[in-house]
Amino acid sequence: EHFGNDIKIKLASMGGEDLNYTLQRDGKIFAIFRQSISSQTSSTHSSTFPIQRQNKKARFEKEIFAYTYGGKYGLTPKLLYVCDYGVVCEYIHGENLWNQVKKDPQSIWKILTEVIKVYLELHKLGISHLDATLKNCIYDESTKKIKVFDFEYYAMPELNFTTQQAYDIVRIIEHSLRIVPPIYQNNFDFFIDFLKDALPEEVKKADFSLVEGLLQGIKKFLIYGELKRYIFNDL
C-alpha cells in the first residue's frame with residue numbers, strides 16, 4: 001500500500017532469522033524488503049562471544065540507523081520504509097565484490113583498499129559493521145560507488161567502538177583472503193602503506209583481546225606479519 005497498488009512482491013531468499021523479498025514495478029526490481037521472523041540471539045551474552053546477532057528489535061534498530069545515515073552519504077542502500085520488524089531499502093544493481101574477487105583474484109588489494117575507504121567513512125558516522133566481508137559489499141553500477149549492507153550484528157558493551165573499527169578492518173582482510181590463491185596474496189606493499197596513512201592512530205592501537213578468537217585465521221596469511229609490525233601491534 002505504501003508503494004502503490006502496481007507493485008509485485010516476490011520472495012528472494014530466506015534464512016534462519018529473516019525473509020527477503022524483492023519489490024518490482026513494471027517488471028523492474030526497485031527495492032528489497034527484509035522482514036525478521038525470529039527473536040533468537042546467536043549466543044548468550046559473554047566476553048567469549050562479544051559480537052552477536054541480537055533479537056529482532058535490536059537488529060532492526062541498528063539497520064535503520066545504518067541505512068538512514070549511511071544512505072544519506074552514499075555508503076549504504078537508502079532506507080525507503082520501516083514497518084514492524086521490517087525495513088525496505090533501495091535495490092542496488094551491481095555485482096557483489098566477493099564474486100569480483102573470485103573472478104579476478106589479483107585485484108584483491110585494489111578492491112580491499114576501496115572497500116576499507118567506505119568502512120572508514122561509516123566509522124566516522126559511528127557505524128560499525130561487525131560482519132565485514134566482501135559478500136556484504138556491492139558495486140553500485142548507477143553511482144559507481146561501493147555500498148555496504150547487512151548490519152544485523154551488535155557488539156556487547158565491553159567491546160568499545162575503537163576495537164569494533166579495528167575488527168571490521170582485520171575481519172574483511174581475513175575473510176577475503178580465503179578465496180585468493182597464495183600467488184596473489186603477497187603484492188600488498190601499497191595496501192600496507194594505505195593503511196598506515198588512512199587508519200586513525202587510536203584504531204591502530206586497538207585492544208584485540210576480546211575478539212582474538214574470531215580472528216585466528218589471519219595468522220595463516222602472508223600479510224599477517226606486516227599488519228602486526230606496521231599497523232596493529234596488538235593483533
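What you are looking at is a predicted structure, and each value in this text was computed from that prediction instead of being measured.
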*Does the pair Lys147/Glu90 count as a salt bridge with the N-to-O cut at 4.0 Å?*
yes
*Check the pair Glu202 / Lys205 against salt bridge (Lys or Arg N to Asp or Glu O under 4.0 Å), numbers first and verdict last.*
CA-CA 5 Å; Glu202 63 270 21; Lys205 298 175 183 177; over 6 Å; no
*Please determine if Asp6 and Arg25 form a salt bridge, counting it only when a charged side-chain N lies under 4.0 Å from a carboxylate O.*
yes
Let me have the donor-acceptor pairs involving side chains of residues 221-228, under 3.5 Å, with sequence neighbours excluded, atom names and distances please.
unit_1, atom_1, unit_2, atom_2, d
Tyr224, OH, Leu235, O, 3.1
Lys228, NZ, Asn233, O, 2.8
Lys228, NZ, Leu235, O, 3.3

*Could you state whether Ile7 and Val88 fall into the same hydrophobic cluster, counting links through intermediate Ile, Leu, Val, Met, Phe, Trp or Tyr residues with side-chain heavy atoms under 4.5 angstrom apart?*
yes
_Row check, Phe232 ring normal vs Lys204 NZ/CZ: under 6.0 Å, within 45°_ = no
*asked:* Is it the case that the side chain of Thr68 and the backbone of Phe65 share a donor-acceptor pair, with hydrogens and angles ignored and the cut-off at 3.5 Å?
replied: no
*With sequence neighbours left out, which residue pairs that include part of residues 72-89 fulfil the side chain to side chain donor-acceptor pair (under 3.5 Å) condition?*
none
*Can Phe188 be reached from Val180 by stepping across I, L, V, M, F, W or Y side chains whose heavy atoms are under 4.5 Å apart?*
yes
*So, for Gly70 and Ile127, which heavy atoms are closest and what is the spacing to 0.1 Å?*
N-CD1, 4.1 Å
*Taking the side chain from Asn96 and the backbone from Lys135, do they hold a donor-acceptor pair closer than 3.5 Å?*
yes
*Which atoms form the tightest heavy-atom contact between Pro77 and Ile92, and what is the distance?*
CG-CG1, 4.0 Å
_For a quick check under 3.5 Å, do Ser36 and Arg59 share a side-chain donor-acceptor pair by atom type?_
yes
*asked:* Would you say Ser13 and Asn20 are linked by a side-chain donor-acceptor pair, where the criterion is simply a distance under 3.5 Å?
replied: yes
*Do Val87 and Ile32 belong to the same hydrophobic cluster, where Ile, Leu, Val, Met, Phe, Trp and Tyr are linked whenever their side-chain heavy atoms lie under 4.5 Å apart, directly or via other members?*
no
*Distance only, no hydrogens: is a donor on one side chain within 3.5 Å (strictly under) of an acceptor on the other, for Asp140 and His93?*
no
_Working for side chain to side chain contact (heavy atoms under 4.5 Å, CB included), residues Ile138 and Leu97_ = CA-CA 6 Å; Ile138 192 167; Leu97 296 189; 6.0 Å; no
*Applying salt bridge (charged side-chain N to carboxylate O under 4.0 Å, His left out) between Glu152 and each of Lys62, Arg53, Lys57, report the one that passes.*
Arg53
*Assess whether ring pair (Phe, Tyr, Trp, His ring centres under 6.0 Å) is satisfied between His129 and Phe151, documenting all intermediate values.*
CA-CA 6 Å; His129 193 282; Phe151 292 85; 4.7 Å; yes
